[in-house]
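The figures here come from the full heavy-atom set of this structure, side chains too, leaving out hydrogens, waters and symmetry mates. Bear in mind the structure is a predicted one, so any value in this text is a computation, not a measurement. Chain letters run A, B, ... following the sequence lines, proteins first and then strands; every chain starts at 1.
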There are 2 protein chains.
Amino acid sequence: MTDTHSDDVRPVQPLQPEQLGTYFALMEAVSLLQHQVEQQLRAEGDISYVQFQLLARLAHGPGPLTMTDLADGVVYSRSGLTYQAGLLEKAGLITRGPAPDDDRATLVTLTGAGRALVARVLPGHVEVSRRLLFDPLTDDDVRHLGDIMTRVRDHMRARPPRSAAPRKRQRS
Amino acid sequence: MTDTHSDDVRPVQPLQPEQLGTYFALMEAVSLLQHQVEQQLRAEGDISYVQFQLLARLAHGPGPLTMTDLADGVVYSRSGLTYQAGLLEKAGLITRGPAPDDDRATLVTLTGAGRALVARVLPGHVEVSRRLLFDPLTDDDVRHLGDIMTRVRDHMRARPPRSAAPRKRQRS
DNA sequence: TATTGTTATACTCTATAACTATA
DNA sequence: TATAGTTATAGAGTATAACAATA
C-alpha cells in the first residue's frame, strides 16, 4: 500500500506536521490581514479589495488592459469581472472602450478619478500592511518572505492556463 | 516578546518598494491558493473553506467549543457564525447544545459524520497545499515561512480584543 | 470553432440591528 | 450593564449558462 508517486523526486512524505502548521498559520494570518485591509479600503475609499486590485493593476501598468488581462488572477469568472467593471465604471473610476486590434475585446482605462482614488487610498493601505504584517518582521524576514511568495505565486500562475478561461473539453 | 522591534521608534519610512512587492506577492499567492483549496473542498466534501476551518478546529481540539471560541479568527460577525453553524448542523456535521457552566453559551460538538468528513477531505486538502504551496519551497523555506507567519498571526491576534465582538462605541 | 465579453439568474455569504436570555 | 447567541433582512459578490459578436 505504499503509494510512491513517481512524478515527484521527493520521498512519499504526505506533508509533515510542520508543513501543515505552516499552511494554517499562513492562511489564518492572511485572512486576518485581508479583513483589516478590507476595512481600511471600505472606510477610506468605499471600495472592496477586489476593486482595489483592479484599479491598482491599471494604475501600475503602462496603459489600458483588456477585460481578460485585467481579470487575470483577481477574478475567477468572466461575469464576475463584468460585474466589478460595471461598478467601477458607474463610479467613474474606469472607462471601457473598444480595442483597436481586436474587435471582440474591451479596453479598460483608468480615469483621473480612478488614479486619484488609488493615490488617496494607498497610504492607508500601506500603513495597515506595515502595522499588521511588517512590524513583527526583520528586514531579513521580509526579504525571505518576498522571495518565497514570489516563487510560490509564479509557480501557481504557471499551472493553470488562464484564469478566466472556462474549462473546455478539448482533446489534445 | 512578540515584537522584535521597538514599538514605533522607526523613522517614517512609508514602506519600501520591496515591502510593497512582498505584500502583493503574498496576497496574490494566497488568493490563488485559497481559490484552488475551495475547489477541492467543494468537490470532495461539498463544504466551503470557512466551514472546513470550523470543522477542523473542532476536530483538532480536545472537545466542544462555544460559538464565540469557535468563531475566533474565522468568522467576523456573530450572525455569520450562527448562519454557518446552522448549515453545518443541518448537514449533520455538528450539534449544538447548552453549556453547563454558562447558560448563555452554546457548546458546539463535532458529530461522527463531521469528524469523518474532515478525515475524508483532509488528504486532498493537504495534497493541494503541497502541490501549490510547498513544491517550489525548500525545507528551509518552509521552516522560515512557518516561523514568520506564526509570528505575524500572533501579532495580529494580539491586537483586536475579540473577533466576534461588535464594535461598541457609545455615541451620545 | 474558439474566444471575448455581457446578461440573466440563482445562490452563497456577510453584516447590521433588533431581540431574548443570562452573567 | 455587558455578554452569548439567534433572527430578520438587506446588500455584496460569485458562478453558471445562454447569448451575441468577432477571430
Side-chain angles (χ1 to χ4, degrees), chain A residues 31 34-35 38-39 41-43 46-54 64-72 74-91 94 96-108 161-172, chain B residues 31 34-35 38-39 41-43 46-54 64-72 74-91 94-108 161-171:
Chain A
S31 172
Q34 268 181 341
H35 190 252
E38 295 253 0
Q39 304 284 98
L41 289 174
R42 184 60 66 186
D46 198 35
I47 53 174
S48 67
Y49 183 66
V50 165
Q51 289 158 6
F52 170 74
Q53 280 180 293
L54 298 175
L65 291 174
T66 65
M67 294 287 282
T68 297
D69 288 339
L70 183 57
D72 202 42
V74 177
V75 174
Y76 300 94
S77 71
R78 300 179 168 288
S79 58
L81 179 59
T82 298
Y83 171 76
Q84 292 296 342
L87 293 181
L88 293 175
E89 189 170 46
K90 196 161 61 181
I94 63 167
R96 278 180 288 188
D101 53 326
D102 190 337
D103 281 351
R104 297 171 303 180
T106 296
L107 277 188
V108 180
R162 205 67 183 275
S163 65
R167 210 169 286 298
K168 46 183 185 256
R169 176 63 71 214
Q170 184 184 5
R171 291 158 295 136
S172 1
Chain B
S31 170
Q34 267 181 341
H35 189 253
E38 295 255 359
Q39 304 284 97
L41 289 174
R42 185 59 64 187
D46 198 35
I47 53 173
S48 68
Y49 183 65
V50 165
Q51 289 159 5
F52 171 75
Q53 280 180 292
L54 297 175
L65 291 174
T66 66
M67 293 288 281
T68 297
D69 289 339
L70 183 58
D72 201 44
V74 177
V75 173
Y76 300 95
S77 70
R78 301 178 167 288
S79 58
L81 178 60
T82 298
Y83 171 76
Q84 292 295 342
L87 293 181
L88 292 175
E89 189 170 47
K90 197 162 60 179
I94 62 167
T95 57
R96 279 182 286 188
D101 51 329
D102 189 337
D103 280 352
R104 300 172 301 181
T106 296
L107 277 187
V108 180
R162 206 67 184 272
S163 65
R167 192 129 356 255
K168 34 196 52 163
R169 200 90 204 121
Q170 291 191 10
R171 299 174 306 133

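Distances shown here put a side-chain N or O of A:Gln84 below 4.0 Å from the OP1 or OP2 atom of D:dT14. Side-chain N/O atoms of A:Thr68 include none lying less than 4.0 angstrom from OP1 or OP2 on C:dT3. For D:dT6, the OP1/OP2 oxygens have no side-chain nitrogen or oxygen of B:Arg78 closer than 4.0 Å.
If B:Leu65 and A:Gly80 are placed on DNA chain D by their nearest nucleotide, the residue sitting closer to the 5' end is B:Leu65. Position along DNA chain D of the nearest nucleotide to B:Tyr83 versus A:Val50 favours B:Tyr83 as the more 5'-ward residue.
Atom CG of A:Asp102 is separated from atom OG1 of A:Thr68 by 9.5 Å, given to the nearest 0.5 angstrom. In this structure, the separation between CD on A:Glu38 and CD1 on A:Ile47 is 9.5 Å, given to the nearest 0.5 Å.
Among the heavy atoms of the strands, none lies under 4.0 Å from A:Leu107. Backbone-only contact: A:Thr106 has heavy atoms under 4.0 Å from sugar-phosphate atoms and none from a base.
One can place CD1 of B:Ile94 at 13 Å from C1' of D:dG5, the figure rounded to the nearest angstrom. Note: CG (A:Asp102) to C1' (C:dT3) measures 8 Å, nearest angstrom. One can place CG of A:Asp101 at 17 Å from P of C:dT3, the figure rounded to the nearest angstrom. Atom CD of B:Gln51 is separated from atom C1' of C:dC13 by 10 Å (rounded to the nearest Å). C:dC13 atom P lies 6 Å from atom CG of B:Leu87, rounded to whole Å. Rounded to whole Å, the distance from CZ on B:Arg96 to C1' on D:dT7 is 12 Å. Spacing between atom CZ of A:Arg104 and atom P of D:dT22 amounts to 11 Å, rounded to whole angstrom units. With rounding to whole Å, B:Glu38 atom CD is found 16 Å from D:dG13 atom P.
Between A:Thr66 and A:Ala105, the shortest heavy-atom contact is CG2-CB, 4.1 Å.
Distances were taken from every side-chain heavy atom of B:Ser48 (C-beta onward) to each of D:dG5, C:dC13, C:dG5; the shortest belongs to C:dC13. With D:dA4, C:dT6, C:dA23 as the candidates, the nucleotide lying closest to the side chain of B:Asp103 is C:dA23.
On a pure distance criterion of 3.5 Å, a polar donor-acceptor pair joins the side chain of B:Ser79 and the base of C:dT16.
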Residue pair A:Leu107, A:Leu65: steps toward the side chain to side chain contact (heavy atoms under 4.5 Å, CB included) verdict: CA-CA 5 Å; A:Leu107 277 188; A:Leu65 291 174; 5.8 Å; no
Could you pull out every donor-acceptor pair under 3.5 Å between side chains of residues 81-89 of chain A and any protein atom, sequence neighbours left out?
from: A:Thr82; atom 1: OG1; to: A:Arg78; atom 2: O; distance (Å): 3.3
from: A:Gln84; atom 1: OE1; to: A:Gln51; atom 2: NE2; distance (Å): 2.9
from: A:Glu89; atom 1: OE1; to: A:Arg96; atom 2: NE; distance (Å): 3.1
from: A:Glu89; atom 1: OE1; to: A:Arg96; atom 2: NH2; distance (Å): 2.9
from: A:Glu89; atom 1: OE2; to: A:Arg96; atom 2: N; distance (Å): 3.0

